[in-house]
Amino acid sequence: ADLFPFLGESKDEHADELNGESSEALRNVTVLAVGGSDAAAFIFRFWEDEYKKKELDVDFEYQPAAESVGSKWVLDSRLDLALVSSLSDQLLSPKLVYTPLAADAVVFAVNKSVTGVSDLSSEQLLAIYKGETTNWQEVGGPNRSVVLLDREESDSGKQLFRQIYLESEPVSRKAVEIHSESDMLKALEITVNSIGYFSYARAQASDQIRILELDHAGPEGDYKMKIG
């Protein structure tokens with residue numbers, strides 16, 4: 001209905017703008033608090049855009065909640081939705097409902113300056129992250145020192161890396177610890193000779209890095225570090 005019927009045909013050019021603002025103000029919007037995994041949040045935003053086309057009265061507010069506390073915050077009513085990349089015993093609760101959102105993978109990638117390296121064996125990957133291999137030339141790359149980018153132990157990608165490859169082995173002390181997926185991508189893009197790991201979904205958005213195969217398998221093939 002017209003919110004300005006008394007203006008009739010004499011409505012000025014600002015009337016439509018006012019009408020839109022009034023309609024927005026009158027909307028009863030449900031705001032859902034969301035937090036948790038960076039990787040899952042990146043994928044969730046694509047789903048959010050499609051969902052909001054059908055449910056116009058729902059909006060999402062992202063909270064700075066780490067994946068390790070997201071589920072607890074739902075139980076404490078601080079979040080409506082917790083986003084997790086993998087379900088560990090620490091995150092599981094019989095009081096919560098878990099719904100699969102998407103399948104993804106944790107991929108290793110290098111800055112585009114690392115030429116000649118497209119595939120690493122498990123042994124080569126371990127040697128790099130343990131600090132035993134320190135020059136890219138040792139695995140077929142340029143004669144340049146390896147720059148290691150790593151994640152904190154609570155990160156789901158790091159936990160999967162440990163589960164599949166690292167196990168209890170320590171990471172080189174020279175590794176630079178990065179504390180979010182978005183920062184990991186930025187660091188890889190701007191740091192010459194670097195290697196790091198993060199969500200395959202996010203990695204595909206950059207042309208400044210190259211995704212590596214592991215043991216001759218890519219993330220869409222027989223790849224070990226898949227999620228979901």
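Only heavy atoms go into these numbers, but all of them, side chains included; no hydrogens, no water, no symmetry mates. In this chain, residues are counted from 1 in sequence order. A quick note: this is a predicted structure, and the numbers were derived from the prediction, not measured.
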Kindly give the heavy-atom pair with the smallest separation between [X] and [Y], and that separation in Å.
X      : Y      : answer
Gly157 : Val106 : CA-CG2, 4.0 Å
Ala187 : Ser194 : O-OG, 4.2 Å
Met184 : Gly196 : SD-CA, 4.0 Å
Lys226 : Leu160 : O-CD2, 4.1 Å
Ala109 : Leu188 : O-CD2, 3.6 Å
Val107 : Pro219 : CG1-CB, 3.7 Å

Side chain to side chain donor-acceptor pair (under 3.5 Å) involving [X] - partner list, sequence neighbours excluded:
X      : value
Ser182 : Ser180
Gln208 : Lys112
Lys186 : none
Ser113 : Asn111

Residue pairs, two or more places apart or on separate chains, that pass ring-ring contact (aromatic ring centres under 6.0 Å, His included) and touch residues 168-188: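 For residues 168-188, and leaving out neighbouring residues, there are no ring-ring contact (aromatic ring centres under 6.0 Å, His included) pairs at all.
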Restricting to pairs with a member in residues 154-176, which pass ring-ring contact (aromatic ring centres under 6.0 Å, His included), not counting sequence neighbours?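 Qualifying pairs: Phe108-Phe161, Tyr129-Phe161, Phe161-Tyr197.
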Could you give the distance from [atom1] ([X]) to [atom2] ([Y]), rounded to the nearest 0.5 Å?
X      : Y      : atom1 : atom2 : result
Lys53  : Asp49  : NZ    : CG    : 7.0 Å
Ile209 : Ile190 : CD1   : CD1   : 13.0 Å
Asp183 : Arg151 : CG    : CZ    : 8.5 Å
Ile211 : Ser118 : CD1   : OG    : 12.5 Å
Glu177 : Glu152 : CD    : CD    : 5.5 Å
Ile195 : Leu212 : CD1   : CG    : 5.5 Å

[X]: partners by side-chain contact (heavy atoms from CB on, under 4.5 Å), with sequence neighbours left out:
X      : result
Val139 : Val117, Leu120, Gln124, Thr133, Trp136
Leu32  : Thr30, Val58, Phe60, Asp80
Asp207 : none
Ser172 : Leu148, Lys174

Find out whether [X] and [Y] are in side-chain contact, i.e. whether some heavy atom of one side chain is under 4.5 Å from a heavy atom of the other.
X      : Y      : value
Leu166 : Leu126 : yes
Val146 : Thr134 : no
Val34  : Glu61  : no

With side chain to side chain donor-acceptor pair (under 3.5 Å) as the rule and sequence neighbours excluded, what pairs involving residues 211-225 come up?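 Output for this query lists Asp119-His216, Ser122-Asp215, Tyr200-Glu220.
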Pair Val176-Leu149, side chain to side chain contact (heavy atoms under 4.5 Å, CB included): steps then yes or no: CA-CA 5 Å; Val176 179; Leu149 304 179; 4.0 Å; yes
Flag yes if Phe198 and Met225 sit in one hydrophobic cluster, no otherwise; membership is Ile, Leu, Val, Met, Phe, Trp, Tyr, and two members link when side-chain heavy atoms are under 4.5 Å apart.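 No, no single cluster joins them.
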Answer yes if Tyr98 and Val74 sit in the same cluster of Ile, Leu, Val, Met, Phe, Trp and Tyr residues linked by side chain heavy atoms under 4.5 Å apart, and no otherwise.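 They do share one cluster, since a chain of ILVMFWY contacts under 4.5 Å joins Tyr98 to Val74.
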Just do the side chain to side chain contact (heavy atoms under 4.5 Å, CB included) check on Leu96 and Leu75 with the steps written out, would you? CA-CA 8 Å; Leu96 298 178; Leu75 292 171; 3.6 Å; yes
Hey, could you give me each pair passing salt bridge (Lys or Arg N to Asp or Glu O under 4.0 Å) that has a residue in residues 131-149? Not counting sequence neighbours.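 Qualifying pairs, neighbours excluded: Lys130-Glu132.
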